[in-house]
Amino acid sequence: MKKALLLLIVLCVLLCSCAKTDSIDERIVGKWIDTETEQIVEYTESGYYYEYINENFTTDKTKFITKNDKIYYFLDGDEPDMKTGIDYKIKDGHLFVADVIEYRPMDLKTSTEEME
């Protein structure tokens, strides 16, 4: 009985270690504004990425994951190509993608106050 229980525990540990380890960096979750073009993008907790154009978001079901300071974009239903990640970093509260695009966090309260 003890051997069977031990074997079951070992199998559970092995199966858990093989689980998919892709994740989402919680620091990028939210809406961001491109500091140059003012385009808004959103990274959601559920792993979806949206680009907003004229207050509407893209209809493509683009997903993303993050791993080792890279963002991997892929269409819903596909698997990410782990060879095509784009570097990103958070610096001074801004998101930098590929060291070219700088996003500042979208502050909805400030945006609403500016419209009044």
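All values below were derived from every heavy atom in this structure, side-chain atoms included, with hydrogens, water molecules and symmetry-related copies excluded. Nothing here was measured: the structure is a model prediction, and the numbers come from that model. Note that the numbering runs from 1 along the sequence shown for the chain.
No continuous path of hydrophobic side-chain contacts links Phe96 to Val29 [ILVMFWY only; heavy atoms under 4.5 Å].
When all heavy atoms of Asp34 and Arg104 are compared, the pair lying nearest together is O-NH1, 4.3 Å. Closest non-hydrogen pair, Pro105 versus His94, comes out as CD-CD2, 4.1 Å. Of all heavy-atom pairs between Ile24 and Glu45, the closest is CD1-O, 3.4 Å.
For Glu38, the CD atom is densely surrounded, since the number of other residues' heavy atoms within 6.0 Å is greater than 12. Surrounding CG of Asn68 are at most 12 heavy atoms belonging to other residues, nucleotides or ligands under 6.0 Å away.
At a threshold of 4.5 Å between non-hydrogen side-chain atoms, the residues Ile65 and Met82 count as touching. Ile86 places a side-chain heavy atom less than 4.5 Å from the side chain of Val97.
Considering OH of Tyr103 and CG of Leu95, their distance stands at 7.5 Å, rounded to 0.5 Å. Note that the OH atom of Tyr52 and the CD1 atom of Ile33 stand 12.0 Å from one another [nearest 0.5 Å]. Rounding to the nearest 0.5 Å places OG1 of Thr66 at 4.0 Å from OH of Tyr88. Atoms CD and OH, from Glu42 and Tyr49 in turn, are 10.5 Å apart once rounded to the nearest 0.5 Å. The structure places CH2 of Trp32 at 15.0 Å from CD of Gln39, a figure rounded to the nearest 0.5 Å.
No salt bridge links Glu79 with Lys63; every basic N to acidic carboxylate O contact stays at or beyond 4.0 Å.
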Please list every donor-acceptor pair under 3.5 Å in which a side-chain atom of residues 71-78 meets a protein atom from a residue at least two apart or in another chain.
residue: Tyr73; atom: OH; partner: Tyr43; partner atom: OH; Å: 2.5
residue: Asp76; atom: OD2; partner: Tyr48; partner atom: OH; Å: 2.9

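Qualifying side-chain hydrogen bond (donor to acceptor under 3.5 Å, both in side chains) partners for Thr44, counting only residues two or more places apart in sequence or in other chains: Ser46. Among residues two or more places apart in sequence or in another chain, the side-chain hydrogen bond (donor to acceptor under 3.5 Å, both in side chains) test is passed with Thr84 by none.
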